[in-house]
Each structure stands twice: as C-alpha cells, then as structure tokens.
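Residue numbers count from 1 along this sequence.
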Amino acid sequence: MQRYFVDSLDYPTAVITGDDARHIARVMRMKENDQVIIVADKKAYVASITSLGDEGVTVQVQEAVEREVELPVDVTIACGLPKGDKLDLVIQKATELGMTGFIPFEADRSIVKWEAKKWTKKQERFEKIAKEAAEQSHRTVIPHVHSLLSFKDLVKVSETFDVVLICDEEEAKKSERIRFADHIKTVYDNKSILLVFGPEGGLARHEVERLVENGASAVTLGPRILRAETAPLYALAAISYEYE
C-alpha cells in the first residue's frame, strides 16, 4: 500500500492534501474504498479512501500498524557543504538508514557557497527528498532539514545534543585509535546524537578543536579515508547494527 504523511489526524478521519492528493488521484488513479497507509504523530495507520475532491483526499482510519521502525536514539547528521549534488544522496540514504535530522553548515574547507535565495530552493528540494525516502522506507518520521548554518552556529546548536561525535579523518591515521563501535557502546543511555562530518578535505583543525572544547569527541570510522558522502552512511549503518 502507498504511504502518505498527514499533518494531523481528526480520528477517525484525515485529509491528504497537496502533491500527495494529486498523486493518489492522477498518478495512482485510486478510487473510494481503496486502502493506503497514513502516518500522523509518528504512528502509521491503515486507512480507506472515502472521498476524492478539490480539497484533498479524505480517508477513514481502520487500524494502527503496530511495528516499530525508528532507531531507539535520535541521530542528526551535520555535513559541511560538499561540491555538486552529494547532499541529495546523503539525505536520501541517511533517511532510509534512520536519520532524524540533517544540518548543513558552511565549513572552512567548503568550496561551494550558497546564497540565501539559492538555499531556499535547495532546502525545499532536500525536504522533498527526505519525505519521499521516508515514505519509501516505511518510516514514521520525516527527518527535519535545518536551515544552513555557519560553523559558529553549529557549535551553539551542538550544545542541545546529549552526545556529539566528530568523524575526523585525522583520527583514522593514528596508530592507536578507539573504534567507532566502542564509542557507540558508551552512549546507550543518551537520547540524541549529533554526528559531524566535514566536506571534501575534512574539517579544519581549528574546527575540530573548537567542537572538542565544547564537549564533542573526535572519532574514527576505521583505517580507511571515506568520501564526504560515504562517511555519514557508514556511521548510521554502524549505529543501526549496534542498536537494532
């Protein structure tokens, strides 16, 4: 069954609007009594279509889908702006892997610079990618795509998380290093994790040092150097393996 997120549920009915309503009527060509899955307030329900109109598609809830699909810990990914469309891939795949939030930030080594007008369009695109990936992977949460931050603002935001881990390629070059899996095993009692990644070339040393001064821990993802778009997915897969 197709899955759609709704803003609210006026039990036992809900209204699907916007692009999703048009998708149901024009692409899927659904009719009354056809069934869909709706997601509201982090819960999924089987629902039956009762009417299709200009205001949207009205459905009636039949039963809740009792299946836990979310990671037991909230994981937010912070990425220094990379080149090209790499963030499209990161957001899509990280959503499939359980990410709950995404923070893009302007790192010292970020080559690209996005103006406010350009960022608005980018953010809309990222939000659409996250929504579609959440539907495809049967999530009950659409990851929140934050506004573009400066590095200074990222440091402030990091203070709101229980655990902050900096995935630093320089840590991978050390002969003695703590495994990422061992770091993850020490944060079981925490509810939120922020994973920070640099752009191509990694984070500048002063950025790592500033985050560490603010309570973050620098960690390695193994002995190999990963691409900017690969590292976040590796880390999320490792967290999923450990927690699930």
Side-chain angles (χ1 to χ4, degrees), residues 1-25 27-52 56-77 88-103 126-146 161-163 165 180-181 184-185 187-195 232-244:
M1 282 184 281
Q2 292 290 317
R3 176 173 294 237
Y4 302 97
F5 286 85
V6 296
D7 294 330
S8 61
L9 174 63
D10 185 14
Y11 194 87
T13 63
V15 180
I16 303 170
T17 60
D19 290 340
D20 288 339
R22 287 187 285 274
H23 182 265
I24 289 172
V27 179
M28 300 305 297
R29 297 186 180 279
M30 293 185 184
K31 301 178 181 178
E32 291 183 10
N33 298 321
D34 285 346
Q35 290 186 326
V36 296
I37 298 289
I38 64 167
V39 182
D41 299 326
K42 300 181 180 181
K43 293 182 180 180
Y45 305 87
V46 176
S48 180
I49 296 174
T50 57
S51 67
L52 298 89
V57 177
T58 302
V59 299
Q60 182 163 0
V61 172
Q62 296 180 331
E63 61 181 338
V65 178
E66 301 295 343
R67 189 168 75 91
E68 182 55 57
V69 296
E70 299 299 332
L71 283 171
V73 60
D74 289 341
V75 182
T76 295
I77 301 294
D88 290 13
L89 174 67
V90 172
I91 291 172
Q92 182 188 61
K93 300 308 178 186
T95 296
E96 294 177 24
L97 290 166
M99 172 184 75
T100 54
F102 181 79
I103 302 174
F126 292 156
E127 289 171 346
K128 183 177 180 180
I129 290 172
K131 177 180 177 294
E132 291 176 350
E135 291 171 344
Q136 183 275 326
S137 56
H138 290 194
R139 295 279 304 274
T140 55
V141 173
I142 300 174
H144 175 58
V145 179
H146 293 252
F161 291 85
D162 296 330
V163 177
L165 300 179
F180 184 69
I184 296 303
K185 290 176 181 177
V187 299
Y188 270 110
D189 295 331
N190 296 279
K191 295 182 179 180
S192 62
I193 299 175
L194 175 65
L195 300 177
L233 309 183
Y234 177 103
L236 277 167
I239 291 174
S240 175
Y241 177 82
E242 184 61 37
Y243 277 86
E244 300 181 307

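A235 and F180 make their closest contact through O-CE2, 3.8 Å (heavy atoms, listed as atom of the first residue, atom of the second, distance). Minimum interatomic distance between S240 and L71 (heavy atoms only, all atoms of both residues): CA-CD2, 4.0 Å. In plain terms, the two heavy atoms of G101 and P143 that are nearest each other are N-CB, 4.2 Å. For Y243 against P72, the heavy-atom pair with the smallest separation is CD2-CG, 3.5 Å. Across every non-hydrogen atom of A40 and L9, the tightest pair is CB-CB, 3.9 Å.
With a 4.5 Å cut-off on side-chain heavy atoms, I77 and I103 do not count as touching. Considering only heavy atoms from C-beta on, V6 stays 4.5 Å or farther from V15 through its side chain. A 4.5 Å side-chain heavy-atom check between M99 and L236 finds at least one atom pair inside the cut-off. Within the 4.5 Å cutoff, the side chain of I239 has no heavy atoms near those of the Y234 side chain. When side chains are defined from C-beta on, I16 counts as touching V59, because their heavy atoms get closer than 4.5 Å. When side chains are defined from C-beta on, L165 counts as touching I184, because their heavy atoms get closer than 4.5 Å. Contact of the M30 side chain with the I49 side chain is registered, since non-hydrogen atoms from C-beta on lie closer than 4.5 Å.
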*Begin from the C-alpha positions of V73 and K191 and carry the test side chain to side chain contact (heavy atoms under 4.5 Å, CB included) through to its verdict.*
CA-CA 5 Å; V73 60; K191 295 182 179 180; 5.6 Å; no
*Could you walk me through whether F102 and T76 pass side chain to side chain contact (heavy atoms under 4.5 Å, CB included), step by step?*
CA-CA 6 Å; F102 181 79; T76 295; 6.0 Å; no
*For side chain to side chain contact (heavy atoms under 4.5 Å, CB included), just list the numbers for M1 and V36, CA-CA rounded to whole Å, side-chain angles, deciding distance to a tenth of an Å, and then say yes or no.*
CA-CA 5 Å; M1 282 184 281; V36 296; 5.6 Å; no
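Pairs passing the salt bridge (Lys or Arg N to Asp or Glu O under 4.0 Å) check and including a residue from residues 134-146, sequence neighbours excluded, read E70-R139, K131-E135.
Taking D88 as the reference, R125 meet the side-chain hydrogen bond (donor to acceptor under 3.5 Å, both in side chains) condition, with sequence neighbours excluded. Here A44 pairs with R3, I37, V39, V65, T140 under the side chain to side chain contact (heavy atoms under 4.5 Å, CB included) rule; sequence neighbours left out.
One finds the CD atom of Q60 at 10.5 Å from the OG atom of S51 (value rounded to the nearest 0.5 Å). Going from atom CD of E132 over to atom CD of E127 covers 12.5 Å, rounded to the nearest 0.5 Å. One distance of note links CD of Q2 with CD1 of I24; it measures 8.5 Å at 0.5 Å rounding.
Side-chain N or O atoms of T50 include one that pairs as donor or acceptor with a backbone N or O of T58 at under 3.5 Å. Side-chain atoms of D74 never come within 3.5 Å of backbone atoms of T100 as a donor-acceptor pair (strictly under, hydrogens ignored). Between the side chain of N190 and the main chain of V163, no donor-acceptor pair closer than 3.5 Å is present.
For Q92 and Q136, the side-chain atoms include no donor-acceptor pair closer than 3.5 Å.
In summary, D34 and K31 do not engage in a salt bridge, as defined by a charged side-chain N under 4.0 Å from a carboxylate O.
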